[in-house]
Structures are given as C-alpha cells and as structure tokens.
2 protein chains.
Amino acid sequence: MNMQQIRYFLALSEERNFRRAARKCNIAQPSLTNAIKALEQELGGPLFWRKRPRIEMSTLGDAVLPHFTRIAYELESMHATAKGLAGTPTFPAAERDFMMTT
Amino acid sequence: MNMQQIRYFLALSEERNFRRAARKCNIAQPSLTNAIKALEQELGGPLFWRKRPRIEMSTLGDAVLPHFTRIAYELESMHATAKGLAGTPTFPAAERDFMMTT
DNA sequence: CAATGTTACGATACACGTAATCATA
DNA sequence: TATGATTACGTGTATCGTAACATTG
C-alpha cells in the first residue's frame, strides 16, 4: 500500500465518481480504477459499489475511511513539521541536548 | 512515500543499526540504506546520524517518529478491522441501513 | 582486520497513460 | 447513444538483491 492510494481513496469517497476523483488527483481514470482495485484486493473486499449515477461506500469502505482520514492528517502535519525544520541544522538529538544543557 | 518505508524507519529507530533493522524487515542491508535515503530526501533532511557503534536520531527523525508511530498504529488497527469484515457480505452502506430499519 | 554502511548495477515489479471495450441511464 | 468504468498493453520508474567498495573502531 502506498500513500497515493490513500489520497485516491479519500478523493473517491468524497466525489463518489471515478472521473471527478481522478481529475482531482491529477491521474487518468483507468489508473484510479487500478489503484482502487489493488487496495480492495489488499483489504480483502470491495470498498465501493459501482452504481449509477453515484458510487456508494461498502461496509468495508465505511469502516476504513476514518483510519485513512487520520493517516492523511498525520501525513499532512508531519510534512508541515518537516518543512518547519528544513534548512535548520538538525543535530543528533544527543548532541542537541548536550548543547542545550551547556 | 510508501508504507514499507515507514516500517523500515520504525525498525531502524528501534534497532539503531542498519544490519539488524534490515534483518527485522526481511530485506537486504543496501535496500534499507536506499529506502531510508529516499525518505530523507523526501522530508528534506537526514533522519539519522550514522555513527559508530550506534546510529542516532536527528532532530528531524525525532520530530517525525511520533507521526509514523501513529500511522503504523492506524494501519494495524485498520487491517484488523478489515480482517474482521472479511467474508461477510459488505453491502453498500445505504442498503445496509435500509435493511436495518426494516 | 572485523564489522558496518554505501555504491554500482542488473532484474523484477509497480504505477501510470493511451487506446479500445464494456455497461447503463 | 452519451457518459462513465474497466480491460489491455506499452513504458518509465522504483524496489530489491548480489557483489564490490569505503569506513571506522
């Protein structure tokens, strides 16, 4: 599983439409189909039911949604943290503590 | 970024040794080096300081560790959830709600 | 020199796009 | 028949392992 798949899943759960979700993620429609299919295979069941005109979440999809949401949040805040530290000299923790106590 | 990289990072932060961490992850040592290097590139700085005899966390490494820990936890509990639903007929949520209220 | 980390490099697998096909409202 | 999802397939990139090299205690 990769992080992109999580972004794709969340986009699809918001849009309920492969076309729009794919555009939102800046990928082609078939790529989204494949990514979601791989995710479903990994989790052992369908995440969405392909219905017209809108796609519906499956029970499994509903179950994993909050987990993916939290993971996405962690990733975002982590990147923000990393960005905040960019450029600063990141000494090893031990040395940093040493410097602070001196 | 992929989930493997997170597992690798956590293993390395526990072992503080590429050799042991790689064995723990069932990959070769050079693969771990490459994976960590890619992660460091993505986050914009070193996560570890390569010292003998033990590796030390950098400030950035310390900063992202709790995020990765929480992500790993989410993944684990999500897989447990998915496993619990495996085999059960996962109707679309709408239909399931319909069935429940009838 | 023994132990540990990094480069180099080739093979396999994966992600993505384009084009063609299928399904349904 | 128009819209939207899937399948087929080619291509570039990434991941991984083996082997050779570098470093340091």
Asks: What nucleotide, of C:dG5, C:dG17, D:dT18, holds the atom closest to the side chain of A:I27?
Replies: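 Closest of the options to the side chain of A:I27: C:dG17.
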Asks: Could you walk me through whether B:M1 and A:H79 pass side chain to side chain contact (heavy atoms under 4.5 Å, CB included), step by step?
Replies: CA-CA 12 Å; B:M1 186 188 306; A:H79 270 112; 4.1 Å; yes
Asks: For A:N34 and D:dT6, what is the distance between atoms CG and C1' respectively, to the nearest whole Å?
Replies: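 In whole Å, D:dT6 C1' lies 8 Å from A:N34 CG.
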Asks: Would you say D:dT15 has OP1 or OP2 under 4.0 Å from some side-chain N or O of B:N2?
Replies: yes
Asks: Taking for each residue the nucleotide of DNA chain C bearing the nearest heavy atom, is the 5' side occupied by A:A28 or by B:K37?
Replies: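 Per heavy-atom nearest nucleotide, the more 5' residue is B:K37.
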Asks: What nucleotide among D:dC16, D:dT18, D:dA5 has an atom nearest to a side-chain atom of B:P30?
Replies: D:dT18
Asks: Would you state whether a donor and an acceptor, one from the side chain of A:S31 and one from the base of C:dG17, lie under 3.5 Å apart?
Replies: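 When only heavy-atom distances are counted, A:S31 does reach the base of C:dG17 through a donor-acceptor pair under 3.5 Å.
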Asks: Please give, in whole Å, the distance from C:dA3 C1' to B:R54 CZ?
Replies: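 After rounding, the gap between these two atoms is 16 Å.
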Asks: How many whole angstroms separate atom CG of B:N17 from atom P of C:dT6?
Replies: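 About 11 Å, once rounded to whole Å.
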Asks: To the nearest 0.5 Å, tell me how far B:L47 CG sits from B:F9 CZ.
Replies: 5.5 Å
Asks: Between atom CH2 in B:W49 and atom P in C:dT6, what is the gap in whole Å?
Replies: 13 Å
Asks: Output the single nucleotide from C:dG5, C:dA8, D:dT6 whose closest atom is nearest the side chain of A:T33.
Replies: D:dT6
Asks: Reckon B:Q29 has a side-chain N or O less than 4.0 Å from the OP1 or OP2 of C:dA3?
Replies: no
Asks: Of the options D:dG4, C:dT7, C:dG5, whose atoms approach the side-chain atoms of A:R19 most closely?
Replies: D:dG4
Asks: Indicate yes or no: does B:E40 engage B:R50 in a salt bridge with an N to O separation below 4.0 Å.
Replies: yes
Asks: Just the rounded figure in Å: distance from C1' of D:dG4 to CG of A:L12.
Replies: 13 Å
Asks: Please compare A:R52 and A:L32 by the position of their nearest nucleotide in DNA chain C and report the one closer to 5'.
Replies: A:L32
Asks: Out of the candidates A:R54, A:R23, A:R20, only one should pair with A:E15 under the salt bridge (charged side-chain N to carboxylate O under 4.0 Å, His left out) rule; please name it.
Replies: A:R20
Asks: Which part of the nucleic acid, if any, lies within contact of B:F48, taking any heavy atom under 4.0 Å across all strands shown: a base, the sugar-phosphate backbone alone, or nothing?
Replies: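 Touches nothing.
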Asks: Starting at atom CE of A:M1, determine the distance to atom P of C:dA15, rounded to an integer number of angstrom.
Replies: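 After rounding, the reported distance stands at 12 Å.
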Asks: Can a donor-acceptor pair be found, under 3.5 Å and without considering hydrogens, that links the side chain of A:S31 to the backbone of A:I27?
Replies: no
